[in-house]
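So the structure is just underneath, and the comments pick up after that.
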There are 2 protein chains.
Amino acid sequence: MTARDPADVFTRDCPSRATVENVSGKWGILALVALHEGAFRFSALRRRVDGVSERMLSQTLHALERDGLVIRDVRSTIPPHVEYSLTTLGSDMAKRLKAMIDLIEGSMEEILEARREYDSRAGG
Amino acid sequence: MTARDPADVFTRDCPSRATVENVSGKWGILALVALHEGAFRFSALRRRVDGVSERMLSQTLHALERDGLVIRDVRSTIPPHVEYSLTTLGSDMAKRLKAMIDLIEGSMEEILEARREYDSRAGG
DNA sequence: CCGTATCCTTAACGATACTG
DNA sequence: CAGTATCGTTAAGGATACGG
């Protein structure tokens, strides 16, 4: 991973593959895009990302923090107060993910129609 | 999924979640971005997407075809000749995915450095 | 309140043999 | 050539109880 040996996601063991999976995984996308709306505490983020378990959200946030995309700010109060936000890189990533999600959400009727046609040909 | 009931990926059973997973899954991203470079035959695509099994590539392409992102063109010759390409929607999606991949590939040194720091704090 | 540890179930995945 | 079918393994994921 240098100027002479650039990252290439098409290569089997390029470390970029792991980051792509952290970022674009089922919960990674949603966590990043949610945090792009602003900082969240753990429980609030869990409510925002409907359906995620504590275990998976925790795991996802750690992976994103490890890759330098998410900041974890712990205040040593009682009860504990932990706030999650994005780094500059995380914010840039979230913007690009949001662009992808916007396209999907905006094309959902077209996609559902394509599915119906595909299924009627395969199933009928 | 209408103008009054728009898709919302944050909601647990919105059908957009399934498409997000098809598109952003481990092999979905790579297949779409590869096809954005041009049309591919099955075997060539398999070589391009280093590490994918026949089973997973086939499954991935079917899911993307079903969502209206990929076109499968079968020529009834012997031996068979099948060519995969993108629809307009697939092409638009691939562009956005490529933007995400470019950011990751271009930030790989920064990401690896973040990992080293995280690991030295957690592991040391 | 913020998680981690544990257990368990299910689904993803890869290898490979085989067919049109 | 382009897959599908089958099988065995591994990993992801959810529920939940408990610790800091």
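Predicted model only: the values in this text are computed from it and were never measured. Below, all heavy atoms of this structure are taken into account, side chains as well, without hydrogens, waters or symmetry copies. Residue numbering restarts at 1 for every chain, and letters A, B, ... go by the order of the sequence lines.
When each of R55(B) and A44(B) is assigned the nucleotide of DNA chain D bearing its nearest heavy atom, the one mapping closer to the 5' terminus is A44(B). Between P79(A) and S58(A), the residue anchored closer to the 5' end of DNA chain C is P79(A), taking for each the nucleotide with the nearest heavy atom. Positionally, the nearest nucleotide of DNA chain C for Q59(A) lies more toward the 5' end than for the other of R12(A) and Q59(A).
Not one side-chain nitrogen or oxygen of Y84(B) sits closer than 4.0 Å to the OP1 or OP2 atom of dC1(D). Residue S43(A) places at least one side-chain N or O under 4.0 Å from the OP1 or OP2 atom of dC2(C). Side-chain nitrogen and oxygen atoms of H62(B) include at least one within less than 4.0 Å of the OP1 or OP2 phosphate oxygen of dT4(D). The phosphate of dC1(C) (OP1 or OP2) has no side-chain N or O of R41(A) nearer than 4.0 angstrom.
In this structure, CZ of R47(B) is placed 13 Å from P of dG3(D), rounded to the nearest angstrom. What separates CD of E54(B) from C1' of dA2(D) is a distance of 8 Å, to the nearest Å. With rounding to whole Å, H81(B) atom NE2 is found 11 Å from dA2(D) atom C1'. Rounded to an integer number of Å, the gap from R75(A) CZ to dC1(C) P is 16 Å.
If you check every strand for non-hydrogen atoms under 4.0 Å, R72(B) touches sugar and phosphate atoms only. No engagement by R46(A) is indicated, since no non-hydrogen atom pair under 4.0 Å with the nucleic acid exists.
Here the shortest heavy-atom pairing between I29(B) and S24(A) reads CD1-OG, 3.4 Å.
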